[in-house]
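This report refers to the structure that appears directly beneath it.
Below, read A as the first sequence line, B as the second, and so on, with proteins coming before strands; counting in each chain starts at 1.
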Amino acid sequence: MIAAFPDEIDLKKIAESGQIFSCGQMEEPDHFWFLSAGNLLTARQIDPQHIEAFCESGIWDSFWSAFFDAERDYRPLRQVMREKGGISAAAAQEGAGLRVLRQDPWEMLISFIVSQRKSIPAIRTCLAKLSDFGPIVPGAVCAGLPGLRRLPSPDRLLSLTSQQLLACGTGYRAAYLHDAALKVAGGKLNLAAAGKLDDEALQAELMNVKGVGVKVADCVMLFAYGRTDRVPADVWIRRVKERCPDAFTGIAAPGLAQQYLFFYARRHGRDGSFVQ
DNA sequence: CTCCAGGTGATGG
DNA sequence: CCATCACATGGA
């Protein structure tokens, strides 16, 4: 089916945006795959406003539409960022087509626990190894992605030995993952019910997990619970704020602006045009 | 080899 | 409250 967006969508930028790690480019040009909560989608970029989603309209409407935040018009935000000038304007310009995805709370929790002090390629590698312990994804072979698995459930994660966990490259985060699995599997952290809490209470719930600080909690709140006023402050966003302290002032949904700025800062951090 | 990565918890002031 | 420091490991 063809999906039309109110403004723009860019599958390639989204796949590279650092908010999702279970995704990739396919062999055919302009084709990408995304895996979330056990659902697998392959899609083709048609033009800046349309993609061809290789799924039935039922699952698009019930899952992927919300996943891609497909009802939101990002143009007003990008206009405000353009008016700010500087980094904000450049980020809004260059990031056109980025969207903040709505993903699974458990998958975001363990993904961003793993993410700390790792590069994005290293995060992907580690999560892929962890996923070797998870269930096979239905339709993966048909989509040309044989062997694709999703991340293990809390119960499955608990059944792994620390050696197995360490062999995935989790390092010192292995104990954090174990604690997250323990709390979710044991019902001490109910991720579905947590969605009804206000921001402050939700953050406190998430931070009860060992290895979850403000930054990881913000990532889960933004990428899983759609709390668009949260701004995960990693090294790149701190550099943006240092150079442009008012980058987020007066912005209605700063979490969305954060995604453009993160994308821009990371892309230009190494080529001399941003840092220093 | 060195340096850094979508940070956090423990410790000491 | 804030400033350091260790932490495991892959990727550049």
When Watson-Crick pairs (N1 to N3 and N6-O4 or O6-N4) and G-U wobble pairs (N1-O2 and O6-N3) count only below 3.5 Å on both distances, what is the dot-bracket string of DNA chain C, with | for other-strand pairs? |||||||.||||
In whole angstroms, how far is the [atom2] atom of [N] from the [atom1] atom of [X]?
{"X": "A:Ile123", "N": "C:dA12", "atom1": "CD1", "atom2": "P", "result": "13 Å"}
{"X": "A:Arg124", "N": "B:dG6", "atom1": "CZ", "atom2": "P", "result": "12 Å"}
{"X": "A:Leu165", "N": "C:dT9", "atom1": "CG", "atom2": "C1'", "result": "14 Å"}
{"X": "A:Arg266", "N": "C:dG11", "atom1": "CZ", "atom2": "C1'", "result": "13 Å"}
{"X": "A:Met207", "N": "B:dA10", "atom1": "CE", "atom2": "P", "result": "12 Å"}
{"X": "A:Phe262", "N": "B:dA5", "atom1": "CZ", "atom2": "C1'", "result": "10 Å"}
{"X": "A:Leu109", "N": "B:dG6", "atom1": "CG", "atom2": "P", "result": "19 Å"}
{"X": "A:Asp234", "N": "B:dC4", "atom1": "CG", "atom2": "C1'", "result": "13 Å"}

Salt bridge flag under 4.0 Å for residues [X] and [Y]:
{"X": "A:Arg99", "Y": "A:Asp7", "result": "yes"}
{"X": "A:Arg72", "Y": "A:Asp69", "result": "yes"}
{"X": "A:Arg78", "Y": "A:Glu8", "result": "yes"}
{"X": "A:Lys183", "Y": "A:Asp179", "result": "yes"}

I'd like to check A:Phe68 versus A:Phe63 (side-chain heavy atoms, cut-off strictly below 4.5 Å). Are they in contact?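 A:Phe68 does not reach A:Phe63 side chain to side chain.
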Any donor and acceptor pair, going by atom type alone, linking the side chain of A:His178 with main-chain N or O of A:Tyr176 inside 3.5 Å?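 Not confirmed, A:His178 side chain does not pair with A:Tyr176 backbone.
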Under 4.0 Å, counting only non-hydrogen atoms across every strand here, what does [X] touch: a base, just sugar-phosphate, or nothing?
{"X": "A:Gly18", "result": "base"}
{"X": "A:Phe263", "result": "nothing"}
{"X": "A:Ser17", "result": "base"}

[atom1] atom, [N] versus [M]: distance in rounded Å?
{"N": "B:dC4", "M": "C:dC5", "atom1": "P", "answer": "16 Å"}
{"N": "B:dT11", "M": "C:dA8", "atom1": "P", "answer": "14 Å"}
{"N": "C:dT4", "M": "B:dG6", "atom1": "P", "answer": "24 Å"}

When every nucleotide of nucleotides 2-8 of chain C is labelled 5' to 3' by its protein contacts under 4.0 Å (heavy atoms), B for base, S for sugar-phosphate only, - for none, what sequence of letters results? -----BB
side-chain N/O A:Arg238 vs B:dA5 OP1/OP2, d < 4.0 Å: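 False: A:Arg238 side-chain N/O out of range (4.0 Å or more) of B:dA5 OP1/OP2.
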Any side-chain N or O of A:Ser115 under 4.0 Å from OP1/OP2 of B:dA5?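 For B:dA5, OP1/OP2 do not have a side-chain N/O of A:Ser115 under 4.0 Å.
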Any luck finding a side-chain donor-acceptor pair between [X] and [Y] under 3.5 Å?
{"X": "A:Gln19", "Y": "A:Ser17", "result": "yes"}
{"X": "A:Ser153", "Y": "A:Arg156", "result": "no"}
{"X": "A:Glu107", "Y": "A:Gln103", "result": "no"}

For A:Trp236 and B:dG6, do the ring centres fall under 5.5 Å apart while the planes stay under 30° apart?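 So no, this residue does not stack on that base, at least one cut-off failing.
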Atom CG of A:Leu197: over 12 foreign heavy atoms under 6.0 Å: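 It does: A:Leu197 CG has more than 12 such atoms within range.
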Between A:Val209 and A:Gln259, which is nearer to the 5' end of DNA chain B once each is assigned its nearest nucleotide?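 Going by which nucleotide is closer to the 5' end, it is A:Gln259.
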